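The next block holds one structure in the form of structure tokens; read it before the comments.
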Amino acid sequence: CWKRNVEILGNKKTGQGLSEELGKYIWLTKVDTSQEAPASKSGSSSLDKLDKRELKKFENIWLETNEGDWKNSLLMLTKYLYEYYGQKVIVLIDEYDHPIIDSYVKGYYDDAIDFFKSFYGTVLKDNNYLEMGIMTGILRVAKENIFSGLNNLEVHTILDNEFTEYFGITEEEVNQAVKDFGLEYELEDVQKWYNGYLFGDRKVYNPWSIVNFLKRKKLKPYWVNTSGNELIKLYLRKLKNEIFDDFSQLLNKKSISKRINDNMIFENLEANFSKNIWNLFFHSGYLTLAEEYDENRNDVSLKIPNEEILRMFSEMFIDLYFENYDIFLEVTEALKKGDAEKFKRELNKILLENVGIFDVGGIYKEQFYHGFMLGLVIMLKNEYEISSNNFAGKGRYDLLLKPRNIEKRKEGIILELKIVNSSQKLSENEIQKELEKECNIALKQIEEKKYSSVLKNAGIDNILKIGLAFFGKEVEVKFEREK
């Protein structure tokens, strides 16, 4: 057995200049550590097969001494395992690009590439002890960089039809698992929360989310993609003006048309930030295909796959354009209590004090306000089931909050948003009249379209209907209660 969390850069004598954090990502593992490794027929241990020179190399790694040959450590491990078991070794490397992405974000990318070129390259190229190697990651790394000279590399991506059923849990497997755990009544909700990934021609679910749902029996976000998360945040900060319209479209559960480069390599990400960020979102699992992939088309339709990722996108939106979630505490508290005056006052304060957010594109669009309100109400996700742009009654509502605990007699909440768009310059009085008119239209729409039917069918009789109207930084709010 060789299992070690190798701290590559705690040692200044390595001369690599890498951060010691790189060591977090390298694990060399063979056999279950709860059991001892099998002894040979003679009763000797695996170390007995090593000569003094090899034993010294082994101990330098195992004891993390200054003389440890970290770059060749994985190659050495395959040699030792081959000599002990008499069989060639299969090497599985999950998230091989994680430490590389981390090094880019934290500023030691060149040193990391220098290390991993040897660490990965020596074990995968011309290794007589290797049966095969399998690596997973979200980004391609150029062959001429890390994998120099590796000619027999086969790449399979989520756009291929081959092996796509192994990238996650299939629809059939999820259906069976839900039945096995006695959760048939949850099936539709499970699909809404965790379904939606289209890999090749197969629908695939995120395994981590499904496994945690089956274990905890609660529908909530379980997955945050740690591999690409920091890199995505870095790009978002650089591109928040350029991607605003697309970001808002996605929050409204609409698709966007983008070019996806299946051969995009990490080294080219900076060549065109505004285009490549969508490749990063797609390959990281934040977006999926809205329709089956056609390799003859230049662009593909991308969408947010499910409710889990929609929540994550909403929080990203608020972090990006408002930077501070705490400013929403007062307004969400007023919303829960149905305090119309305080809700309006706190909402207006947020809009007035965050002047910079309205510089995006210079145009006040419905998508922005929808993303803003969705990000706001997401803070109540522990107390309410939150849905947006879904069908109810005779139409599609903007936002709906359904109490999780009906017995506490909390109000169900329906919010309908309207935007005052005027090419003419309006006086303050005219703006106020337009805002009030749009609020009344919103409330009338909630009533005529019978949006409250979805709450009544769930046994919720106390319903708070809210009409909101926006014009730049101005907002008007009107409440009505249905009992």
Side-chain angles (χ1 to χ4, degrees), residues 183-195 213 217-221 251-254 304 306-308 310-311 314 328 331-344 346-347 366 369-418 438-470 475-483:
L183 298 172
E184 289 95 336
Y185 68 95
E186 296 272 19
L187 186 55
E188 287 187 11
D189 289 334
V190 175
Q191 290 172 339
K192 183 177 74 174
W193 268 84
Y194 309 118
N195 191 6
F213 163 69
K217 298 178 172 58
K218 288 185 178 180
L219 290 165
K220 66 176 187 176
L251 283 174
N252 279 307
K253 294 187 177 181
K254 296 177 181 177
I304 294 175
N306 51 48
E307 189 70 21
E308 182 179 43
L310 178 63
R311 299 285 182 91
S314 301
F328 289 161
V331 71
T332 52
E333 190 64 26
L335 179 61
K336 281 195 301 181
K337 294 179 178 179
D339 186 337
E341 286 304 314
K342 185 177 181 181
F343 179 76
K344 175 184 173 181
E346 294 297 331
L347 193 59
E366 186 172 356
Y369 294 106
H370 190 277
F372 165 60
M373 290 303 301
L374 179 58
L376 186 154
V377 298
I378 286 295
M379 293 189 69
L380 302 174
K381 60 181 180 249
N382 293 329
E383 300 171 63
Y384 295 87
E385 293 178 18
I386 298 163
S387 54
S388 66
N389 274 331
N390 280 349
F391 286 104
K394 299 178 180 179
R396 190 190 286 265
Y397 55 78
D398 281 331
L399 288 165
L400 186 142
L401 283 68
K402 174 184 170 185
R404 293 187 179 277
N405 190 337
I406 298 176
E407 294 178 0
K408 289 187 176 180
R409 307 294 294 170
K410 285 186 178 180
E411 291 179 312
I413 304 173
I414 303 171
L415 299 96
E416 188 64 30
L417 281 59
K418 297 296 178 184
E438 292 297 330
C439 280
N440 290 329
I441 291 173
L443 289 173
K444 186 178 180 181
Q445 181 176 326
I446 294 172
E447 180 66 25
E448 290 182 347
K449 299 290 186 181
K450 300 188 182 301
Y451 294 153
S452 60
S453 61
V454 68
L455 293 171
K456 291 179 178 179
N457 291 339
I460 299 165
D461 297 320
N462 296 329
I463 299 170
L464 178 61
K465 298 181 287 189
I466 305 176
L468 296 102
F470 296 92
V475 61
E476 182 59 49
V477 182
K478 290 198 173 185
F479 285 31
E480 279 187 5
R481 284 185 165 83
E482 181 176 327
K483 295 183 179 180

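This structure is a prediction, so every number in the text was calculated from the model and none was measured. The first residue in the sequence is number 1, and the count goes up from there.
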K344 atom NZ: more than 12 heavy-atom contacts under 6.0 Å = yes

Can you establish whether the number of heavy atoms outside K342 located under 6.0 Å from its atom NZ is more than 12?
-> yes

Heavy-atom side-chain proximity of [X] to [Y] below 4.5 angstrom:
X	Y	result
I413	L455	no
L415	L401	yes
L335	I466	yes
M373	D398	no
V377	T332	no

Contacts of [X] that satisfy side-chain contact (heavy atoms from CB on, under 4.5 Å) - sequence neighbours left out:
X	result
V475	L347, N348, L351, F470, V477
K450	K394
S387	N390, Y397, L400
K220	R216, Y222

Minimum-distance pair of heavy atoms, taken over all atoms of S453 and A392 = OG-C, 4.3 Å

On a heavy-atom basis, the closest approach of K218 and F213 is O-CD1, 3.4 Å

All salt bridge (charged side-chain N to carboxylate O under 4.0 Å, His left out) counterparts of [X], not counting sequence neighbours:
X	result
K192	none
K217	none
E383	K336, K410
E308	none

Residue list, ring pair (Phe, Tyr, Trp, His ring centres under 6.0 Å) with F343, at least two apart or on another chain | F479

Of all residues at least two apart in sequence or in a different chain, which pass the ring pair (Phe, Tyr, Trp, His ring centres under 6.0 Å) check with Y384?
-> none

Stepwise, does the side-chain contact (heavy atoms from CB on, under 4.5 Å) test hold for Y194 with L219?
-> CA-CA 9 Å; Y194 309 118; L219 290 165; 3.8 Å; yes

Is there a side-chain contact (heavy atoms from CB on, under 4.5 Å) between E333 and E346 once you walk through the steps?
-> CA-CA 10 Å; E333 190 64 26; E346 294 297 331; over 6 Å; no

Applying side chain to side chain donor-acceptor pair (under 3.5 Å) to E438 and not counting sequence neighbours gives none

Taking only residues two or more places apart in sequence, or in another chain, which ones meet K478 in a side chain to side chain donor-acceptor pair (under 3.5 Å)?
-> N440

Mind checking the [atom1]-[atom2] spacing from [X] to [Y]? Nearest 0.5 Å is all I need.
X	Y	atom1	atom2	result
I463	K402	CD1	NZ	12.0 Å
S452	L464	OG	CG	12.0 Å
D189	L183	CG	CG	11.0 Å
C439	K444	SG	NZ	15.0 Å

Only one of E448, E411, E482, E416 passes salt bridge (charged side-chain N to carboxylate O under 4.0 Å, His left out) with K465; say which it is.
-> E482

